[in-house]
Amino acid sequence: MSRTRLAGIALGSIFRSSKRPPDFTPEQIARAAPEQVFPPGFLLGAATSAHQVEGGNENDWTDWERSTFPDGTPHIHDRTESGLACDSYRRFDEDLRLLKELGANAYRLGVEWARLEPSEGAWNQEAADRYRSWLDQLAAAGIRSMVTVHHFTLPRWVSADGGWQTDRTIDRLEAFTRKVAEAFGARVDLWCTLNEPNVVGIHGYLKGIWPPGLKDEVQCAWAIARQMKAHARMARVLREKTGKPVGIAHHVRVFQPATRSPMDKVVARVAEDFFNDSLVDCHRTGRIRLMVPGKVDIDEAVPDLKGSYDYLGINYYSRDHMKADFKEPSMSRQFVPEGRPVSDLGWDIYPEGLYLLLRRYGRLKIPIHITENGISDESGALRADFLRSHLYAVEAALRDGVDVRGYFHWSLMDNFEWAEGLRSRFGLYRVDYTDPRRTRTATPAVATFQEFARKLARAPAVEGKRSWGS
Ligand code: BGC
């Protein structure tokens with residue numbers, strides 16, 4: 001590990017930002033005036049992913065859902081499977097109705113690799129026609145599409161041959177992307193290559209709680225690095241074939257030292273560097289740099305990575321308090337202090353964090369889309385305030401000059417929440433999984449979203465360029 005790289009972590013990257021958030025008191029949030037600040041053409045929408053909503057998929061995740069850990073504990077906490085999920089594959093008209101009802105002008109949706117390419121080189125024309133018709137319907141409704149090419153799930157023929165443990169997956173995802181670009185390019189407004197390479201690496205290859213269930217620091221780092229290499233190649237293909245803006249969705253978090261102890265500060269900084277900054281910074285440096293002192297040290301130039309984000313997508317949910325603990329694989333324990341407001345999953349509700357991260361990554365000087373932000377809230381009592389306070393964070397960042405172009409709430413409706421199963425509910429709309437029609441019902445946050453959409457629609461038109469990508 002080079003001394004310069006360690007010093008880079010210690011001193012902080014270009015992303016260091018000391019600005020404190022403004023007040024997030026209820027009174028302050030009530031004084032929000034988005035119509036004065038949000039730029040014309042701002043994308044206000046919701047997000048889903050293919051496997052989580054479509055139903056009827058067969059991929060590495062469905063295999064994982066049906067199996068257990070060696071001690072017999074189910075992989076999915078509530079013992080559910082994605083199964084029919086929201087049945088969106090057959091009920092897209094319902095989803096479109098919800099988007100219209102919300103007043104959304106954008107939708108982030110995914111295509112399912114295993115469905116479109118069920119065996120290597122095959123192409124499922126029926127599925128392609130269906131996705132194409134969804135994109136046509138969105139366009140007809142004036143709703144911009146952001147299409148995620150790869151959101152966690154791998155076809156079995158890819159996972160059986162090593163998944164993110166082999167470079168062959170990079171080649172195969174590039175080849176799949178070429179077909180996706182040819183099939184849908186004319187209809188897509190914005191591309192999102194991959195979703196959250198860091199989360200896939202950590203859950204699947206370090207903690208062993210997602211497929212393929214490995215616990216290996218080095219494999220984790222390489223899984224992340226390979227996904228970034230795939231992103232670089234996908235971005236080139238999508239730009240060449242479609243000319244539409246291309247980005248990636250990175251999960252970024254606030255890592256706060258639990259105490260003033262220097263060791264807590266160091267582990268918070270290492271987590272920030274590994275989990276957040278190193279991936280965001282690929283666009284600027286053209287290198288993949290992943291380091292955990294004494295354990296992992298990847299530093300590789302990757303052709304096509306430099307400048308590969310037309311926009312930066314950030315998925316923001318929460319903050320971690322970091323306590324040094326060198327017995328843990330991540331060298332720390334993460335926790336939420338007593339008394340903090342939390343979601344059903346125990347995640348700290350910290351809207352200030354969205355402001356801080358927008359300021360931080362605004363320094364990249366490219367457009368930013370918030371590709372995901374939401375809350376697991378079964379009662380539906382927390383979501384409206386969550387939405388209001390996080391949109392307030394976006395407003396504050398815009399006031400400071402950060403170039404934010406879109407906000408996609410996670411999620412349009414409840415869906416299959418990976419290892420948590422169906423019980424964890426992130427939807428603006430509640431889905432009734434006991435009903436074969438998968439009826440969707442508005443939660444109280446729908447009215448908040450609608451009110452916000454109305455304010456933006458009423459905002460005075462400003463002369464000038466109206467764009468949402470690059
Ligand atoms: C993922 C989504 C997931 C959400 C809530 C993100 O990490 O992209 O697929 O449902 O978080 O956990």
Side-chain angles (χ1 to χ4, degrees), residues 45-55 57 59-62 64-65 76-78 80-82 85-86 88 107-113 146-154 192-204 206-207 209-211 223-224 227 231 247-254 275-276 279 312-320 334 336 342-350 353-354 357 369-378 382-383 386-387 390 407-431 445:
T48 57
S49 87
H51 183 68
Q52 290 177 276
V53 299
E54 282 182 359
N57 281 317
N59 52 37
D60 65 333
W61 260 93
T62 32
W64 184 257
E65 291 157 26
I76 309 303
H77 296 162
D78 64 5
T80 55
E81 292 177 16
S82 56
C86 309
S88 286
Y107 184 38
R108 175 175 174 227
L109 71 165
V111 291
E112 173 62 29
W113 186 0
M146 176 187 281
V147 171
T148 312
V149 180
H150 176 62
H151 194 126
F152 298 164
T153 48
L154 295 171
C192 177
T193 54
L194 293 160
N195 189 68
E196 301 185 343
N198 51 2
V199 173
V200 170
I202 289 173
H203 285 357
L206 179 67
K207 293 189 176 171
I209 55 172
W210 283 13
I224 298 171
Q227 290 173 82
H231 156 79
I248 181 168
H250 281 309
H251 189 120
V252 288
R253 306 177 70 78
V254 173
F275 195 85
N276 291 354
L279 303 188
L312 171 68
I314 68 176
N315 295 356
Y316 173 71
Y317 288 90
S318 188
R319 160 175 70 169
D320 293 311
Q334 296 96 46
V336 178
V342 291
S343 76
D344 290 354
L345 294 176
W347 298 357
D348 192 358
I349 301 176
Y350 185 57
L354 179 57
L357 292 167
H369 285 279
I370 295 144
T371 32
E372 286 180 32
N373 170 241
I375 181 170
S376 174
D377 174 27
E378 140 74 351
L382 302 174
R383 190 169 294 104
F386 181 98
L387 178 60
H390 285 77
Y407 172 92
F408 295 80
H409 192 78
W410 185 272
S411 177
L412 178 60
M413 62 206 144
D414 297 334
N415 55 53
F416 179 72
E417 178 49 28
W418 308 113
E420 303 300 330
L422 292 168
R423 210 165 292 158
S424 174
R425 294 182 178 271
F426 275 87
L428 287 165
Y429 288 84
R430 186 181 174 89
V431 174

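Since we're looking at a predicted model, the values are computed, not measured. Counting convention: from 1, in listed order, for ligands and their atoms alike.
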Locate the shortest heavy-atom distance separating Arg383 from Asp377; write the atom from each residue and the value.
N-OD2, 3.0 Å
What does the 4.0 Å heavy-atom contact list look like for ligand 1?
Gln52, His151, Phe152, Asn195, Glu196, His251, Asn315, Tyr317, Trp347, Glu372, Trp410, Glu417, Trp418, Phe426
Salt bridge check: are Glu417 and Arg425 linked by an N-O gap of less than 4.0 Å?
no
Candidate list Asn195, Thr48, Thr371, test side-chain hydrogen bond (donor to acceptor under 3.5 Å, both in side chains), partner Arg108, passing option:
Asn195
Quick one: which of Arg253, His203, His251 gives a side chain to side chain contact (heavy atoms under 4.5 Å, CB included) with Asn198?
His251
Give the minimum heavy-atom separation between Val252 and Ile314, together with the two atoms involved.
CG2-CB, 3.8 Å
Measure from the ring center of Phe152 to the ring center of Trp61 and say whether it is less than 6.0 Å.
no
